[in-house]
Novice: 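Structure incoming, see below.
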Amino acid sequence: MHSLLYKVLTIQEWEVISQSGRISTQLDEADGFIHLSSASQLNMTLSLYFTQEESVVLLRFNEAEIIDGLVYEYSEKRGKEFAHFYGELSITKIAQSWYLDRSAFSLPGEVMREAE
């Protein structure tokens, strides 16, 4: 069974990505891969990296759709394995997206259910 993976973007990053058609942020480009999270990793990702944002965009991907280029690697900083996508990731691979407003970044119910 394939899982679902997520990418959090600032509104500014989403605007650039929407125009280019290619998912990649400055951090992704510096690290050489696209950072992705599981549902259970999202709360920590939001609290560590998006504290200055009033709104973000949450993208969902079906693992099966992006399996080529997907590698799970251990993060020393976070002490867990994370999904990293190597290569070009098109916006056509997005399964679903949401705009999240700060209120502790309340995740959609369906995402929270998956995290449990």
Novice: Apply side chain to side chain contact (heavy atoms under 4.5 Å, CB included) to residues Lys7 and Asp28 and explain how you reach the verdict.
Specialist: CA-CA 11 Å; Lys7 175 76 175 163; Asp28 296 333; 2.9 Å; yes
Novice: Is it the case that atom CD in Gln26 sees more than 12 heavy atoms from other parts of the structure closer than 6.0 Å?
Specialist: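 No, the 6.0 Å shell around CD holds no more than 12 heavy atoms from other groups.
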Novice: Tell me the closest heavy-atom pair linking Asp68 and Phe85, and the distance in Å.
Specialist: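 Taking every non-hydrogen atom into account, O-CE1, 3.1 Å.
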Novice: On a heavy-atom basis, which atom in Ser37 and which in Thr45 lie closest, and how many Å separate them?
Specialist: OG-OG1, 3.1 Å
Novice: Do side-chain atoms of Asp101 reach the backbone of Ser55 as a donor and acceptor pair under 3.5 angstrom?
Specialist: no
Novice: When you measure from the side chain of Lys93 to the backbone of Ile66, do you find a donor-acceptor pair of N or O atoms at a distance under 3.5 Å?
Specialist: no
Novice: State yes or no: do Tyr6 and Leu27 share one hydrophobic cluster built from I, L, V, M, F, W and Y residues joined by side-chain heavy-atom distances below 4.5 Å, directly or via other members?
Specialist: no
Novice: Return the orientation label for the His84 and Phe33 ring planes: parallel under 30°, perpendicular over 60°, tilted otherwise.
Specialist: parallel
Novice: Between Glu73 and Tyr86, is there a side-chain donor-acceptor contact under 3.5 Å, judged purely by atom types and distance?
Specialist: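 Yes.
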Novice: For Arg78 versus Phe82, what's the shortest heavy-atom pair and its separation?
Specialist: CZ-CZ, 3.4 Å
Novice: Output, in order, the C-alpha distance, side-chain angles, deciding distance and verdict of side chain to side chain contact (heavy atoms under 4.5 Å, CB included) for Val57 and Val8.
Specialist: CA-CA 6 Å; Val57 175; Val8 181; over 6 Å; no
Novice: Please report the C-alpha distance between Tyr99 and Trp14 in whole Å, then the side-chain angles of each, then the deciding distance to 0.1 Å, and finally whether the side chain to side chain contact (heavy atoms under 4.5 Å, CB included) criterion is met.
Specialist: CA-CA 10 Å; Tyr99 283 88; Trp14 176 241; 3.1 Å; yes
Novice: Are any non-hydrogen side-chain atoms of Trp98 and Val56 less than 4.5 angstrom apart?
Specialist: no
Novice: Look at the side chain of Thr51 and the backbone N and O of Ser47, then say whether any donor-acceptor pair between them is shorter than 3.5 Å.
Specialist: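 Not at all, since once roles are kept as given, no pair shorter than 3.5 Å links the two residues.
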Novice: Without hydrogens or angle criteria, can the side chains of Glu15 and Ser18 be said to hold a donor-acceptor pair below 3.5 Å?
Specialist: no
Novice: Do Leu42 and Leu58 have side chains that approach each other closer than 4.5 Å (heavy atoms only, starting at C-beta)?
Specialist: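 Yes, at least one pair of side-chain atoms sits under 4.5 Å.
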Novice: Quick one: does Glu65's side chain have a donor or acceptor within less than 3.5 Å of a partner on Asn62's backbone?
Specialist: no
Novice: Nearest 0.5 Å please: distance from the OG atom of Ser38 over to the NZ atom of Lys80.
Specialist: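 Separation between the atoms: 7.5 Å.
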Novice: Using the rule that two of Ile, Leu, Val, Met, Phe, Trp, Tyr join whenever any of their side-chain heavy atoms come within less than 4.5 Å, decide whether Ile91 and Val16 are in one cluster.
Specialist: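 Per the 4.5 Å side-chain linkage, Ile91 and Val16 are not co-clustered.
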Novice: Looking at Glu29 and Arg22, is any side-chain nitrogen of the basic one under 4.0 Å from a carboxylate oxygen of the acidic one?
Specialist: yes
Novice: Taking all atoms of both residues into account, what is the closest heavy-atom pair of Gly87 and Ile34, and its distance?
Specialist: O-CD1, 3.9 Å
Novice: Treat each ILVMFWY residue as a node, draw an edge where side-chain heavy atoms are under 4.5 Å apart, and state whether Phe61 and Leu9 are in one component.
Specialist: yes
Novice: Is it possible for you to say whether Val71 and Ile67 belong to one hydrophobic cluster, with membership spreading through side-chain heavy-atom contacts below 4.5 Å?
Specialist: no
Novice: Specify the closest pair of heavy atoms between Ala83 and Tyr72, including all atoms of both residues, with the distance to one decimal.
Specialist: CB-CE2, 3.7 Å
Novice: What is the distance from atom CD of Glu13 to atom CG of Leu59, rounded to the nearest 0.5 Å?
Specialist: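 One finds 10.0 Å between CD of Glu13 and CG of Leu59.
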Novice: Report the distance from atom CG of Leu70 to atom CG of Leu5, rounding to the nearest 0.5 Å.
Specialist: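 So the CG of Leu70 and the CG of Leu5 are separated by 6.0 Å.
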Novice: For the atom pair CD1 (Ile17) and CD1 (Ile94), what is the distance rounded to the nearest 0.5 Å?
Specialist: 8.0 Å
Novice: Checking the side chain of Glu53 only, and the main-chain atoms of Phe50 only, is there a donor and an acceptor separated by less than 3.5 Å?
Specialist: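 Answer holds: no.
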